[in-house]
S.K.: 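Structure provided below as structure tokens; questions to follow.
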Amino acid sequence: MQLFTKLLSSINHPIRSCLFALASAVMLVSCGGGGGTPTYTVGGTVSGLTSGSLVLKNNGGDDLIISANSTSFTFANAQVSGATYSVTIGTQPIGLTCSVSNGIGTVASANVSNITVTCKGQYAYVTSADNGTVSMYAINASTGILTALSTPTIATGVASAGITINPGGTFAYVTDLVRSNVSMYAINASTGILTALSTPKIDAGMGANLITMHPAGTFAYVTNTNFNTLSMFAINASTGILTALSTPTIATG
């Protein structure tokens, strides 16, 4: 450095000033200065956003609009290590309800990419014992108003009675009072329309009426009005098909 200073003293002032500034900049970079504080992105994956658009927020702001059929997202504003993030739903898409998992945390010197946003259709189904049908509706997530689906009804049997839907919203089951069976359907996640499973029906007991399901979606139970019994079924998680338990019925009252 002393040699560099002596060299500068022998050079005229304007050039000497420029060289000194350049040397200072080189020294600053070589020492790690001037690079700024590293920042990291906050984002993740999206599934089920089949229509409309979704608005996400981070820490109550930094609004991010996600279009239909998107599979990933990244907020525009990057964060420094140690900053907290809280990703929430700002505006739901019409006809869908989206939820956030892993949305709260602290940035730890790496991009955040494990936040998941899952969207599901919200549908309502009404059975009719008079004509053996199920009416199908979309639920407006903002207003709650029902709108008939493009296929408004589906025939199930003679006297459709009870209906239940598994927790994942992928399968529906409808009892028939007259035919004493259960019709089994897949629920189209995009349209909400019911489609009969590969095994469309399974027998229950005389006067199959109400049907309910275990909270985990693993078992289903049907009241048989004429026999005063309860039919019990296991639910295949992959196919949705019901299978009678080893003890298929029990007496009730």
Side-chain angles (χ1 to χ4, degrees), residues 24-124 137-147 149-150 165-172 186-193 213-218 235 237-238 240:
S24 298
V26 170
M27 291 176 65
L28 181 63
V29 171
S30 66
C31 293
T37 302
T39 58
Y40 306 93
T41 58
V42 175
T45 59
V46 181
S47 63
L49 186 58
T50 55
S51 62
S53 61
L54 165 70
V55 177
L56 293 180
K57 291 179 176 289
N58 184 21
N59 294 325
D62 194 13
D63 288 14
L64 175 63
I65 300 175
I66 304 176
S67 302
N69 301 313
S70 297
T71 57
S72 63
F73 70 93
T74 303
F75 282 95
N77 293 331
Q79 306 292 322
V80 298
S81 183
T84 59
Y85 57 89
S86 177
V87 177
T88 56
I89 304 295
T91 304
Q92 296 279 10
I94 295 176
L96 298 173
T97 298
C98 304
S99 59
V100 179
S101 299
N102 301 322
I104 300 176
T106 302
V107 178
S109 300
N111 292 333
V112 177
S113 60
N114 66 334
I115 302 171
T116 58
V117 177
T118 304
C119 302
K120 296 180 180 180
Q122 292 296 299
Y123 306 106
Y137 303 91
I139 304 173
N140 187 300
S142 300
T143 66
I145 295 174
L146 301 183
T147 304
L149 300 185
S150 57
I165 296 171
N166 72 325
T170 51
F171 300 110
I187 301 175
N188 186 299
S190 300
T191 67
I193 295 173
M213 189 175 296
H214 187 282
T218 49
I235 304 173
S238 300

S.K.: Is I193 close to S150 at the side-chain level, that is, under 4.5 Å between some pair of heavy atoms?
M.R.: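 They are in contact (side-chain heavy atoms under 4.5 Å apart), so the answer is yes.
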S.K.: Is any side-chain heavy atom of V55 less than 4.5 Å from a side-chain heavy atom of I66?
M.R.: no
S.K.: In Å, rounded to the nearest 0.5 Å, how long is the span from CG of L49 to CZ of F73?
M.R.: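 It is 11.5 Å, given to the nearest 0.5 Å.
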S.K.: Can you name the residues that form a side-chain hydrogen bond (donor to acceptor under 3.5 Å, both in side chains) with T106, not counting sequence neighbours?
M.R.: none
S.K.: Determine whether Y123 and L149 satisfy the following criterion, side-chain contact (heavy atoms from CB on, under 4.5 Å), listing intermediate values before the conclusion.
M.R.: CA-CA 9 Å; Y123 306 106; L149 300 185; 4.0 Å; yes
S.K.: Under 3.5 Å, side chain of N111 to main-chain N/O of Y40, donor-acceptor pair present?
M.R.: no
S.K.: Locate the shortest heavy-atom distance separating G192 from I187; write the atom from each residue and the value.
M.R.: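 The pair with the smallest heavy-atom distance is O-CG2, 4.0 Å.
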S.K.: Rounded at 0.5 Å granularity, tell me how far CD in Q122 sits from SG in C98.
M.R.: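 Here the rounded value is 9.5 Å.
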S.K.: Between N166 and I235, does a side-chain contact (heavy atoms from CB on, under 4.5 Å) hold up when you go through it step by step?
M.R.: CA-CA 9 Å; N166 72 325; I235 304 173; 5.7 Å; no
S.K.: Less than 4.5 Å apart, side chain to side chain, heavy atoms only: is that true for T45 and V117?
M.R.: no
S.K.: Applying side-chain hydrogen bond (donor to acceptor under 3.5 Å, both in side chains), name anything that partners N188, two or more places apart in sequence or on another chain.
M.R.: T191
S.K.: Determine, stepwise, if the pair T39 / T37 fulfils side-chain contact (heavy atoms from CB on, under 4.5 Å).
M.R.: CA-CA 6 Å; T39 58; T37 302; 5.6 Å; no
S.K.: State, with a plain yes or no, whether a side-chain heavy atom of V42 is found less than 4.5 Å away from one of V87.
M.R.: yes
S.K.: Taking only residues at least two apart or on different chains, which pairs with a member in residues 76-89 satisfy side-chain hydrogen bond (donor to acceptor under 3.5 Å, both in side chains)?
M.R.: D62-N77, S81-S109
S.K.: Let me know which of L64, T91, I89 forms a side-chain contact (heavy atoms from CB on, under 4.5 Å) with L54.
M.R.: I89
S.K.: Which pair of non-hydrogen atoms, one from G103 and one from I115, has the smallest distance, and what is that distance?
M.R.: CA-CG2, 4.1 Å
S.K.: Under 4.5 Å between any side-chain heavy atoms of V107 and V80, yes or no?
M.R.: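 The answer is no, as the side chains (C-beta and beyond) never meet within the 4.5 Å cut-off.
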